[in-house]
Amino acid sequence: MTIVPVSDKQTRKDFLNVARFIYKDDENWICPLDQDVELVFNEAKNPFFNHGKCTRWILKNNQGQTIGRVAAFINDKKAYNYEQPTGGMGFFECINSEEAANMLFDTAQSWLKERGMKAMDGPINFGENDSFWGLLIEGFIPPSYGMNYNPEYYYDFFKNYGFEKEYEQITNHLAVRKPFPERFTKIANWVAGKAGYTFEHFSKKNAEKYVSDLMEIYNDGWQDFENFVPIKKDTLLESFKKMETIMDEKLIWFAYVNGEPASFVVIIPDANQMIKDFNGKLGLIEKLKFVYKRWVGVNRMRAIVMGTKQAYQKHGLESALFIKLKEYVLPLNQYDELELSWVGDFNDKMLAIHQATGATFGKRHLTLRKIFS
């Protein structure tokens with residue numbers, strides 16, 4: 001077996017195609033769009049290259065067939081926030097061979113060691129954690145847009161190599177047509193009617209304002225979490241630009257208290273239900289199909305991220321946002337399920353909100369860490 005750096009058009013193609021080979025018989029897998037994967041490795045378009053570095057490889061067998069892939073990266077803003085300098089690895093795909101998996105892990109580890117790292121987290125993304133993040137270990141169902149999916153045997157590869165759990169990522173599902181619990185509804189309606197409390201949905205015409213409001217809320221609400229790094233406006237603008245083709249403005253809501261941005265939730269229709277037959281491609285024909293499927297056959301939404309300023313946490317704002325959302329969604333008679341954004345097992349407040357809505361367990365991912373010897 002031979003490790004080959006991704007350095008030209010053919011190796012980039014091989015990097016993408018190996019996933020299609022590995023999952024060819026898996027009915028649950030939905031191929032991510034090639035352009036979404038390639039965007040991660042595009043220095044001109046991924047803002048994380050402004051404060052980090054990234055590389056990737058493929059693995060070929062003796063017959064020249066590509067049988068695996070992996071990427072490694074260092075986010076300079078996060079790498080030194082841990083007990084030991086920690087890089088990342090991700091976009092791991094491999095045939096069912098531990099020898100092959102170990103070659104890929106070794107390659108990522110060696111590259112990170114050479115650059116001063118003492119550990120690596122994986123499988124993660126060289127970008128925000130709302131996409132391509134975590135190893136799926138429970139809930140092997142068709143993934144929603146941006147969520148990692150993998151064969152069950154990957155977990156043994158990671159464990160046997162020495163990766164250990166850093167935290168669990170819990171994804172819950174909410175039945176849209178099922179009424180919220182009585183207590184949840186009572187609190188939400190009370191909050192929605194309080195003096196000085198106002199609610200607005202996103203508007204593309206005023207995108208700069210709402211992106212600024214989201215950044216202000218997010219950076220305040222999440223600042224006390226370990227290894228938190230403030231999100232930048234250019235990163236958010238890039239994310240919203242990426243979502244634009246599938247965005248429904250009335251699925252993204254903000255709460256204000258006396259005009260001050262206080263809470264938000266970002267929800268999009270599940271694009272994977274639109275692209276599941278595209279095999280990762282988005283040419284002219286796929287784009288025409290995409291426009292059609294935007295309104296047909298999509299019955300699931302995905303909450304990408306939520307946040308509330310610390311001063312307004314436990315005020316019930318999230319409950320009111322869900323009520324506003326439901327007031328819009330139910331009359332559409334389109335959506336059956338909302339997949340709530342994954343929550344780390346360390347985030348008791350957000351897990352409590354999920355529980356209060358009546359959401360049920362959907363799937364479990366792990367973020368793992370390997371300390372170098």
Side-chain angles (χ1 to χ4, degrees), residues 77-78 81 128-130 167-172 174 180-203 206-237 239-240 243 249-268 302-328 338 340-359:
K77 288 192 172 183
K78 281 194 174 182
N81 291 349
E128 295 300 329
N129 63 14
D130 61 346
Y167 56 85
E168 291 187 358
Q169 303 163 224
I170 301 164
T171 300
N172 291 314
L174 187 62
F180 287 126
E182 184 179 349
R183 183 174 184 275
F184 182 90
T185 303
K186 185 177 180 181
I187 292 172
N189 289 330
W190 176 74
V191 171
K194 287 187 71 174
Y197 283 42
T198 55
F199 303 86
E200 303 173 13
H201 63 75
F202 182 81
S203 166
N206 295 314
E208 288 267 349
K209 165 195 167 5
Y210 289 110
V211 167
S212 295
D213 290 349
L214 191 151
M215 181 178 67
E216 180 181 329
I217 298 165
Y218 183 90
N219 288 340
D220 181 283
W222 292 84
Q223 62 183 313
D224 289 341
F225 282 93
E226 187 178 6
N227 305 311
F228 169 76
V229 174
I231 196 167
K232 285 191 168 183
K233 192 171 183 178
D234 60 346
T235 303
L236 282 175
L237 287 170
S239 295
F240 272 84
M243 290 191 299
E249 296 172 317
K250 295 181 181 179
L251 294 181
I252 302 172
W253 279 87
F254 291 80
Y256 298 85
V257 178
N258 297 319
E260 178 188 352
S263 185
F264 72 88
V265 59
V266 176
I267 294 172
I268 58 173
R302 183 189 171 207
I304 298 177
V305 64
M306 298 172 61
T308 302
K309 281 185 177 179
Q310 292 187 0
Y312 302 110
Q313 291 175 6
K314 296 185 178 179
H315 283 220
L317 286 171
E318 302 89 352
S319 305
L321 288 173
F322 274 110
I323 289 292
K324 294 294 180 181
L325 175 71
K326 206 160 191 174
E327 287 174 356
Y328 168 66
L338 170 61
L340 299 173
S341 53
W342 69 259
V343 177
D345 57 4
F346 51 81
N347 192 344
D348 294 335
K349 292 178 182 177
M350 197 59 71
L351 286 171
I353 291 171
H354 283 203
Q355 185 178 17
T357 64

Judged by atom type as modelled, is there a donor-acceptor pair below 3.5 Å linking the side chain of D220 to the main-chain atoms of E216? no

Go through it in stages, so that I can follow the logic: the residues are W190 and K194, the test is side-chain contact (heavy atoms from CB on, under 4.5 Å), and I'd like the CA-CA distance, side-chain angles, deciding distance and then a yes or no. CA-CA 7 Å; W190 176 74; K194 287 187 71 174; 3.8 Å; yes

Counting only N and O atoms by type, is there a donor-acceptor contact under 3.5 Å from the side chain of W342 to the main-chain atoms of N129? yes

Taking the side chain as every heavy atom from C-beta outward, state whether N347 and Y167 have any pair of such atoms under 4.5 Å apart. no

Is the shortest heavy-atom distance from the side chain of F180 to the side chain of K326 under 4.5 Å? yes

Could you state the interatomic distance from CG (L325) to CD1 (I252), rounded to the nearest 0.5 Å? 10.5 Å

Any side-chain heavy atom of F254 sitting closer than 4.5 Å to one from S263? no

Please indicate whether K186 has more than 12 foreign heavy atoms, meaning atoms of other residues, nucleotides or ligands, lying under 6.0 Å from its NZ. no

Heavy atoms, side chains only, cut-off 4.5 Å: are L321 and V265 in contact? yes

If only atom types and distance count, is the side chain of D213 paired as donor or acceptor with the main-chain N or O of P261 below 3.5 Å? no

Measure the spacing between CG of L317 and CZ of F264 and express it to the nearest 0.5 Å. 12.5 Å

Within a 6.0 Å radius of atom CD on Q355, are there more than 12 heavy atoms belonging to other residues, nucleotides or ligands? no

Between D345 and D348, the two heavy atoms sitting closest are O-OD1, 4.0 Å

What's the spacing between E128 CD and L236 CG if we round to 0.5 Å? 7.5 Å

The salt bridge (Lys or Arg N to Asp or Glu O under 4.0 Å) partners of E200 (sequence neighbours excluded) come to none

Would you please test I353 and K349 for side-chain contact (heavy atoms from CB on, under 4.5 Å) and show each step? CA-CA 6 Å; I353 291 171; K349 292 178 182 177; 5.6 Å; no

Any side-chain heavy atom of K314 sitting closer than 4.5 Å to one from T308? no

Decide yes or no for H315 and V257: does some side-chain heavy atom of the first lie under 4.5 Å from some side-chain heavy atom of the second? no

Are more than 12 heavy atoms, taken from residues, nucleotides or ligands other than K209, located less than 6.0 Å from that residue's NZ atom? yes

Of all residues at least two apart in sequence or in a different chain, which pass the ring pair (Phe, Tyr, Trp, His ring centres under 6.0 Å) check with F202? Y210, F240

Backbone of V211 reached by a side-chain donor or acceptor of K233 within 3.5 Å: no

Report the distance from atom CD of E249 to atom OH of Y328, rounding to the nearest 0.5 Å. 9.0 Å

Test side-chain contact (heavy atoms from CB on, under 4.5 Å) applied to I217 and Y312, step by step: CA-CA 10 Å; I217 298 165; Y312 302 110; over 6 Å; no

Once rounded to the nearest 0.5 Å, what's the spacing between atom CG of L340 and atom CD1 of I170? 12.0 Å

Carefully, step by step, assess V191 and Y197 under the rule side-chain contact (heavy atoms from CB on, under 4.5 Å). CA-CA 8 Å; V191 171; Y197 283 42; 3.7 Å; yes

Within the 4.5 Å heavy-atom criterion, are W222 and I231 side-chain neighbours or not? no

Spatial distance of atom CD (E327) from atom CZ (F199) [nearest 0.5 Å]: 10.0 Å

Would you say that I268 contacts L251 through its side chain, given a criterion of any heavy-atom pair below 4.5 Å between the two side chains? no

